[in-house]
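Working notes, beginning with the structure itself.
All values below come from the heavy atoms of this structure, side chains included, with hydrogens, waters and symmetry mates left out. All ligand and atom numbering here is 1-based and tracks the order in the structure.
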Amino acid sequence: MCGIVGYIGKEKKALDVLINGLEHLEYRGYDSSGVAYIYNNKLTIKKETGRIEKLKNTLNFNEKASIGIGHTRWATHGIPNKVNAHPHNYKDITIVHNGIIENYSALKKELQSKGYEFKSDTDTEVAVILLYDLYHQTNDVLKAIKEFKLKAQGAYAIGLICSNEMDTLYAIKKNSPLIIGVGKKANYLASDVPAIVDYTNQYIILNDGDYAKVTQDKIIVYNDKNKEIIPTIKTFEAGSEMVSKNGYDHYMLKEIYEEAEVIKRSAHITKVNLRKYQKIVIVACGSAMHAGLVGKYLIEKYAGIPTEVEIASEFRYKKIFINKKTLVIAISQSGETADTLEAVKIAKKYHSDTLGIINVKESSIAREVKYVIYTEAGREVAVATTKAYLAQVLVLALLAYLNAENKELEVIKTLESDLKELPILIESLLAKTDAYQRIAKKIYHRNDIFYIGRGIDYALCMEASLKLKEISYIHSEAYAAGELKHGTISLVEEGTPIIGIVTDKSIADKTISNLKEVKARGAYVIYIITDELDTEGDFYDDKIVIPTTNPILEPMPTIVPMQLIAYYVAKLNKCDIDKPKNLAKSVTVE
Ligand code: F6R
């Protein structure tokens, strides 16, 4: 999703810092980019559609500006073109903006009635004209910001420069993340850590309603009530190496290969007592929601607590049945997903306890929930999540285990030792590259690919299918195997790839019957089976055998080949694997 970077300081060239920052934000997904800087008392704004490389070709890097703002835009209001791209400017005021100004239509009408004319379709142009309108009444940017906050509704992280104050950057934050990087004789603005990680490891998190005046030597932060506050300066944990590919062709591949390590790192969590709640509601989006579905099976089966999984964007607008005996678990890699964050705020209004399973430390959701468990997957750069999903599943599996109803069950007694073996088992699957490439070659040219499974295997199918479609652009669906006969089987024709996941012993025979049905109708069947359940037969064309482990842990090794098959299919289709079209890493608007 959109990215912001800002710089003020004389030691570096603003353009170098802005472009470097934007390149580090590319992974978030964008469709245009732009920069604004002041050099020799003159404001320059450059914008381009497409990749940052195109923007770079239009810039004169010899111009040693000491102030600037930059942006990667992921279109929401108006198509991705140069006019709609940021920065947006009106006379003295220039801004970059993440988020959505929800009342922009009403504000636009108000400003039009005052004679202002608009060139773009964006809510950001409304924001810049509103800021200008407020500014020119007093010539005081801080006063304009104060008024702006009263008028603008919705979500905004804004970086602002004023042509009459060439030594000052302004920042405004509400419901969309924004940090200030603290440097030596230089300061920075960023929507996310990687944008500034090459320059400083010190930063200030702005809270909702905060705004700041930033010069190269001084940072003044005001809170929601317009009071100057002393901000806490924090330190990032890792250095710039966290954004390197380490020799892999893609971040996604690197991140899949880190999965064994992630298991070792995330294997210890503090127990949260789930058993004191009557019900658990998991809220999340996309892959995090799919992890939640795996968690639901495990928590219900082993901890015996009724668990519902709600898509956060649906949860926000429906009648909900939660109270103080409900635990609401929010799962999010980024910790910034707007719908999930809002779901947490709703849960708090209903007096439910909230638990976050989050990857990014100090992110908005991590700060909003009552309890937090960090997934320790490390920074994930590829838009399609892999290692963070795996870490989410691990945390949920451990919560089910730690809250088990029956400690005498064999799977509970052996879990700790099985967990120690899990990284080795995952390494063994990571090594079988030939098998995944072979399967990818057989299916990459198809238009439709189906995944079928039952129970927990169905939850894994949903994730496997999402992974494939988002990076390879091939249409794919996941079906509960028993549902095929109720409609979808009519789509099966000669050669249709059907990937059947069978790891749950209790219902393996049922899924195998469904695989036989589709095979009889000409499907190309790829059978994903644990070695314990492995069966010979003529109902499949290809097979991947997953080493058997503790059933509570089995979803983790099972998803690894699915991620790698998706990766190789996308590679054969020459797709932009780390930055699939139209997608963003962190979805900070609803
Ligand atoms: C898919 C993917 C998305 C995210 C979803 C939630 O590969 O990454 O579906 O899982 O956008 O994001 P987080 O976990 O950051 O809340």
Please determine whether any non-hydrogen atom of T386 lies less than 4.0 Å from an atom of ligand 1.
no

Any idea which protein heavy atom is nearest atom 6 (C) of ligand 1, and the distance to it?
C285 O, 3.3 Å

Is K361 salt-bridged to E376, cutoff N-O under 4.0 Å?
yes

Look at the aromatic rings of F450 and Y479 and report parallel, tilted or perpendicular, splitting at 30° and 60°.
tilted

Salt-bridge test for D578 and K254: reply yes if a basic N is under 4.0 Å from a carboxylate O, no otherwise.
no

Can you tell me which residue among V344, V283, T354, I331 is in a side chain to side chain contact (heavy atoms under 4.5 Å, CB included) with I365?
V344

Listed by chain and number, what are the side chain to side chain donor-acceptor pair (under 3.5 Å) partners of D504, not counting sequence neighbours?
S506

Closest non-hydrogen protein atom to atom 12 (O) of ligand 1, residue and atom name please, with distance?
T337 OG1, 3.4 Å

A student comparing M252, E470, M289, K469 should find that the heavy atom closest to atom 7 (O) of ligand 1 comes from E470

From atom 4 (C) of ligand 1, work out which of A338, A566, S287 has a heavy atom at the shortest distance.
S287

Under 3.5 Å between any N/O of K585 and any N/O of ligand 1: does that happen in this structure?
no

Test: K571 and D249 ion pair at under 4.0 Å
yes

If you take the nearest heavy atom of each of S334, A291, A388, which one is closest to atom 15 (O) of ligand 1?
S334

Can you list the atoms of ligand 1 that are under 4.0 Å from a heavy atom of S332?
13 (P), 14 (O), 15 (O), 16 (O)

Per-residue contact class, V383 against ligand 1 - non-hydrogen pairs under 4.0 Å:
backbone

side-chain hydrogen bond (donor to acceptor under 3.5 Å, both in side chains) test vs K173 passes for just one of D210, D208, D224, namely D208

Near Q333 (heavy-atom distance under 4.0 Å), the atoms of ligand 1 are 13 (P), 14 (O), 15 (O), 16 (O)

Just to confirm my output: which protein heavy-atom neighbour is closest to atom 11 (O) of ligand 1, and how far is it?
V587 CG2, 4.1 Å

Going by the order shown, which atoms of ligand 1 are within less than 4.0 Å of some heavy atom of K467?
1 (C), 7 (O)

Lys/Arg N to Asp/Glu carboxylate O, K387 vs E380, below 4.0 Å
no

Considering only heavy atoms of A384, which atoms of ligand 1 have at least one such atom less than 4.0 Å away?
7 (O)

Considering only NZ, NE, NH1 and NH2 on the basic side and carboxylate oxygens on the acidic side, decide whether K318 and E314 come within less than 4.0 Å.
no

In ligand 1, which numbered atoms sit nearer than 4.0 Å to a non-hydrogen atom of A288?
10 (O), 14 (O)

